[in-house]
Amino acid sequence: MRVLVTGGSGYVGSHTVRELAAAGHEVVIYDNLSTGDRRLSEGFEFIEGEIADGARLAPVLDRVDAVMHFAASAYVGESMTDPRKYFRNNVESALKLIDAVLASPVRTFVFSSTCAVYGIPQACPIDEESRKEPINPYGATKLFFEHVLEAYRVTHGLRYVALRYFNAAGAHASGLIGEIHDPETHLIPLALKAALGSAPPLTIFGSDFDTPDGTCIRDYTHVSDLGSAHVLALEHLAEGGASMSVNLGTGRGTSVREIVDVFHALTGIRIPHQYGPRREGDPPCLYANPARANEVLGWVARRNLEDILTSAWGWHQKFESKTA
Ligand code: UDP
């Protein structure tokens, strides 16, 4: 299939386009490079543009079979301080993208959603029917857009899969692409940068959570596994499969402390760190029940925490030495 990938120069998008290409699909990347990095989309057809620019999208939509929509603002903390940016980019502009899609023959849509739609879960693991009460504007915008997709399924025959990622992590096996965020706020890159001495010591946010070691638990999922789930979602829709939202996680929770310890066990390197206060809005524990992804898409996360840390470490050593 030919697939328009908005945000294909971002972290999850750039790994997904490689999974699409490996599965024999053609890719057109559409990105405004506001947070994406051109280096991550080298080797693919690339169009620089805004998702709100229907006139620019129309000729591209005429020559593709499906859209994968990654382009969005995706910092939870920033969404608390600058919510207008999130409502503008993730809702207002995304509505214009979907208008352009509905004006075209394309009806197949894969959406990059998030476990932030759940807010603070009542219990873990979290399945798709769990209560959805986002606690930040980022999660609220993603949940809103899921409602848009469902409404347009009913009225316009749109067919979609919304993939709710837990914590994307790791880097591509080629060593050519990996996580680049500016500013960086995510645990694993900050920990590895601290290990390299290119960032200050890691601050572990909170040591008094109600978890076995007192630090937060998350479901770290390799970004290439997320990418392969997008391919399976596309193929599910192409085969006439039902529209739905699907969790993407390993089903295994890992604490911040474990990340530091496993990295030390793997490399012999200690991540310089200190404990600090909790970060506002951090739920103590988030991990997925990924049964639906397995049952409906035939997907399972193949890479474990060691694979995540090893690939991310390879990438950060190379990338930091290039940018130093
Ligand atoms: N975290 C931390 N120090 C940091 C960044 C993150 O202790 O400098 C913790 C954070 O509190 C959370 C986990 O690491 O429990 C993952 O945070 P991240 O920002 O990577 O992803 P999130 O779970 O917020 O999407």
Side-chain angles (χ1 to χ4, degrees), residues 10-12 35 70 72-81 86 90 112-121 124-126 134-143 163-171 178-223 226 247-250 252-264 270-288 305 308-309 311-313 315-316:
Y11 175 45
V12 184
T35 53
F70 296 90
S73 296
Y75 290 115
V76 170
E78 184 187 54
S79 80
M80 307 281 282
T81 54
Y86 283 71
N90 298 1
S112 169
S113 190
T114 170
C115 66
V117 300
Y118 296 113
I120 297 176
C124 271
I126 304 169
I135 54 166
N136 49 63
Y138 169 66
T141 62
K142 290 286 183 173
L143 183 58
L163 296 170
R164 296 179 183 150
Y165 324 147
F166 284 65
N167 290 59
E179 194 162 4
I180 307 177
H181 290 119
D182 186 16
E184 187 53 78
T185 62
H186 294 103
L187 174 67
I188 293 179
L190 286 175
L192 303 195
K193 281 163 170 263
L196 283 166
S198 58
L202 177 71
T203 299
I204 295 179
F205 297 144
S207 55
D208 58 351
F209 287 98
D210 185 16
T211 60
D213 66 18
T215 66
C216 277
I217 291 176
R218 295 288 181 273
D219 187 342
Y220 297 93
T221 309
H222 197 287
V223 65
L226 297 182
N247 282 344
L248 293 184
T250 65
R252 180 176 179 277
T254 301
S255 74
V256 179
R257 179 76 242 172
E258 275 181 84
I259 296 279
V260 170
D261 291 343
V262 171
F263 182 77
H264 179 233
R270 283 190 197 282
I271 294 167
H273 66 276
Q274 66 210 5
Y275 286 94
R278 292 182 181 196
R279 183 172 66 178
E280 200 190 338
D282 257 344
C285 183
L286 288 174
Y287 60 92
L305 185 62
I308 287 173
L309 290 175
S311 60
W313 181 231
W315 161 251
H316 278 285

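Numbering starts at 1 and runs along the sequence shown. For the numbers below, each heavy atom of this structure counts, side chains included, while hydrogens, waters and symmetry mates do not. Ligands are counted one by one from 1 in listed order, and the atoms in each one are counted from 1 as well.
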Inset, instruction - Could you list the residues that satisfy ring-ring contact (aromatic ring centres under 6.0 Å, His included) with Phe166, not counting sequence neighbours? - result: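 For Phe166 there are no ring-ring contact (aromatic ring centres under 6.0 Å, His included) partners, ignoring immediate neighbours.
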Inset, instruction - Using heavy atoms and a cut-off under 4.0 Å, could you grab the residues that are in contact with ligand 1, chain by chain, numbers ascending? - result: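 Around ligand 1, where the cutoff is 4.0 Å for heavy atoms, the contacting residues are Asn167, Thr185, His186, Leu187, Leu190, Leu202, Thr203, Ile204, Phe205, Cys216, Arg218, Tyr220, Val256, Arg279, Asp282.
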Legend entry - Close side-chain approach of Val12 to Tyr165, heavy-atom, < 4.5 Å: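 Side-chain contact under 4.5 Å: yes.
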Legend entry - NZ or CZ of Arg278 within 45° of Phe209 ring axis and under 6.0 Å: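 Checked: cation-pi criterion met.
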Inset, instruction - May I ask you to decide if Pro183's main-chain N or O and Tyr75's side chain share a donor-acceptor pair within less than 3.5 Å? - result: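 Yes, Tyr75 side chain to Pro183 backbone: donor-acceptor pair under 3.5 Å.
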Legend entry - Taking every non-hydrogen atom, the tightest pair across Cys216 and Pro283: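 Minimum heavy-atom contact is SG-O, 3.7 Å.
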Legend entry - Closest approach of Val256 to Thr215 (non-hydrogen atoms, all atoms of both residues):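 For Val256 versus Thr215, the nearest heavy atoms are N-OG1, 3.3 Å.
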